[in-house]
Amino acid sequence: RAAAHAALGRHASARDDAHTAMYLDGSHASAALQKGESQIRLADYAGAMRTFQLGCKANPKDMDLREGWFRAKEVLRTFRRASRLREEGAKIAAFDAARQPVIHGLMALAEPADRAAALRNLAALHAEFGRCSEARTMLDAALIESPNDAHLVFARAEASLALGCAADALPDAERVV
């Protein structure tokens with residue numbers, strides 16, 4: 001069923017079904033592969049790495065799981081390298097270069113909820129590396145895709161607070177409560 005959801009472009013549903021399959025049978029390599037691939041499509045690279053790692057533990061010779069782990073790791077490494085640059089202009093350019101292929105991929109997602117989830121995950125990645133302004137912009141875009149998602153509203157309030165914009169955070173915080 002996870003493969004059918006993925007084929008229809010419903011990657012959050014595919015991830016959830018593959019997660020259930022992994023829970024029922026931890027050695028199910030195709031479930032780990034499907035979940036990890038869906039997590040990559042939803043820009044959850046750290047989650048994809050964990051999923052592929054679990055799959056590799058149960059199936060150490062599966063090259064598809066290893067390749068998935070390396071792909072997710074490389075995306076995270078690109079963002080980490082960008083965060084370590086000293087000059088702000090170079091840092092901005094590096095984050096933009098790292099972000100563009102991810103944005104291109106998530107705009108191809110068929111489901112608005114999947115696009116919102118991918119934008120939320122990408123925003124969390126930016127916030128993790130101290131890029132709260134970019135994170136807030138992505139959360140604004142995610143809320144266009146899924147305007148009633150309280151988790152997105154709360155994340156945007158957190159990003160606003162991290163930027164020192166309490167006046168922007170307050171309406172979002174009140175909306176969540």
Side-chain angles (χ1 to χ4, degrees), residues 1-80 95 97-129 131 134-135 137-156 158-159 176:
R1 195 167 79 174
H5 281 300
L8 292 171
R10 298 178 187 149
H11 296 287
S13 296
R15 178 203 56 213
D16 295 344
D17 279 357
H19 177 81
T20 302
M22 286 180 67
Y23 176 77
L24 295 172
D25 180 4
S27 66
H28 203 282
S30 63
L33 186 62
Q34 185 63 63
K35 181 180 177 187
E37 292 295 335
S38 292
Q39 287 171 309
I40 285 176
R41 294 220 191 277
L42 296 171
D44 180 9
Y45 301 105
M49 281 182 63
R50 286 189 300 273
T51 298
F52 288 130
Q53 189 172 21
L54 284 171
C56 285
K57 273 183 147 179
N59 304 283
K61 295 182 181 182
D62 192 311
M63 293 308 292
D64 290 334
L65 290 169
R66 287 180 185 214
E67 288 171 14
W69 184 84
F70 281 113
R71 275 187 296 121
K73 181 179 179 180
E74 191 54 38
V75 173
L76 288 175
R77 181 181 288 160
T78 303
F79 280 101
R80 192 170 296 111
F95 267 93
R99 182 174 49 244
Q100 286 312 308
V102 178
I103 295 286
H104 178 74
L106 71 87
M107 288 303 146
L109 295 173
E111 296 290 318
D114 286 354
R115 287 191 298 274
L119 285 163
R120 180 185 61 231
N121 291 332
L122 188 57
L125 183 60
H126 279 68
E128 177 184 335
F129 291 117
R131 310 303 299 175
E134 291 99 330
T137 301
M138 285 176 243
L139 290 166
D140 287 340
L143 279 163
I144 291 169
E145 298 291 341
S146 185
N148 297 319
D149 188 330
H151 296 288
L152 290 174
V153 175
F154 182 75
R156 187 172 67 177
E158 287 182 318
V176 172

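The two residues A43 and V102 have their closest heavy-atom pair at CB-CG1, 4.1 Å. The heavy-atom pair separating A58 from S27 by the smallest distance is CB-CA, 3.7 Å. In plain terms, the two heavy atoms of N59 and H28 that are nearest each other are ND2-C, 4.4 Å. When all heavy atoms of Q53 and W69 are compared, the pair lying nearest together is N-CD1, 4.2 Å. In plain terms, the two heavy atoms of A32 and G55 that are nearest each other are CB-CA, 3.8 Å. Shortest non-hydrogen contact noted between K73 and M49 is CA-SD, 3.5 Å.
Residues D64 and E67 meet the side-chain proximity criterion, which asks for heavy atoms closer than 4.5 Å. No side-chain heavy atom of R1 sits under 4.5 Å from any side-chain heavy atom of T20. Side chains of R120 and D149 form a contact here, defined as non-hydrogen atoms less than 4.5 Å apart. Looking only at side-chain heavy atoms (C-beta outward), M22 and Q34 stay at 4.5 Å or farther from each other. In this structure, R15 and H11 have side chains that are not in contact, with every pair of non-hydrogen atoms separated by 4.5 Å or more. Residues L122 and I103 have side chains in contact (heavy-atom distance under 4.5 Å, counting atoms from C-beta outward). Using a 4.5 Å heavy-atom cutoff, the side chains of L76 and L125 are in contact. The shortest distance between side-chain heavy atoms of H126 and F79 falls below 4.5 Å.
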Subject >> R71/E37 under salt bridge (Lys or Arg N to Asp or Glu O under 4.0 Å): CA gap, chis, key distance, verdict >> reply: CA-CA 10 Å; R71 275 187 296 121; E37 292 295 335; 2.3 Å; yes
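For CZ of F129, the number of neighbouring non-hydrogen atoms (other residues, nucleotides, ligands) closer than 6.0 Å is greater than 12.
Here the rule is side-chain contact (heavy atoms from CB on, under 4.5 Å) with L119, and of D114, L106, L139 only L106 fits it.
Panel note: side chain R41, backbone R10; no donor-acceptor pair is recorded below 3.5 Å.
Here the straight-line distance linking atom CG of D17 with atom NZ of K35 works out to 12.0 Å at 0.5 Å rounding. Expressed to the nearest 0.5 Å, how far CZ of F70 lies from CZ of R77 amounts to 8.5 Å. T78 OG1 to R99 CZ: the interatomic distance, rounded to the nearest 0.5 Å, is 13.0 Å. The distance from the CZ atom of R115 to the CG atom of L42 is 12.0 Å, given to the nearest 0.5 Å.
Residues satisfying the side chain to side chain contact (heavy atoms under 4.5 Å, CB included) criterion with P101, sequence neighbours excluded, are absent altogether.
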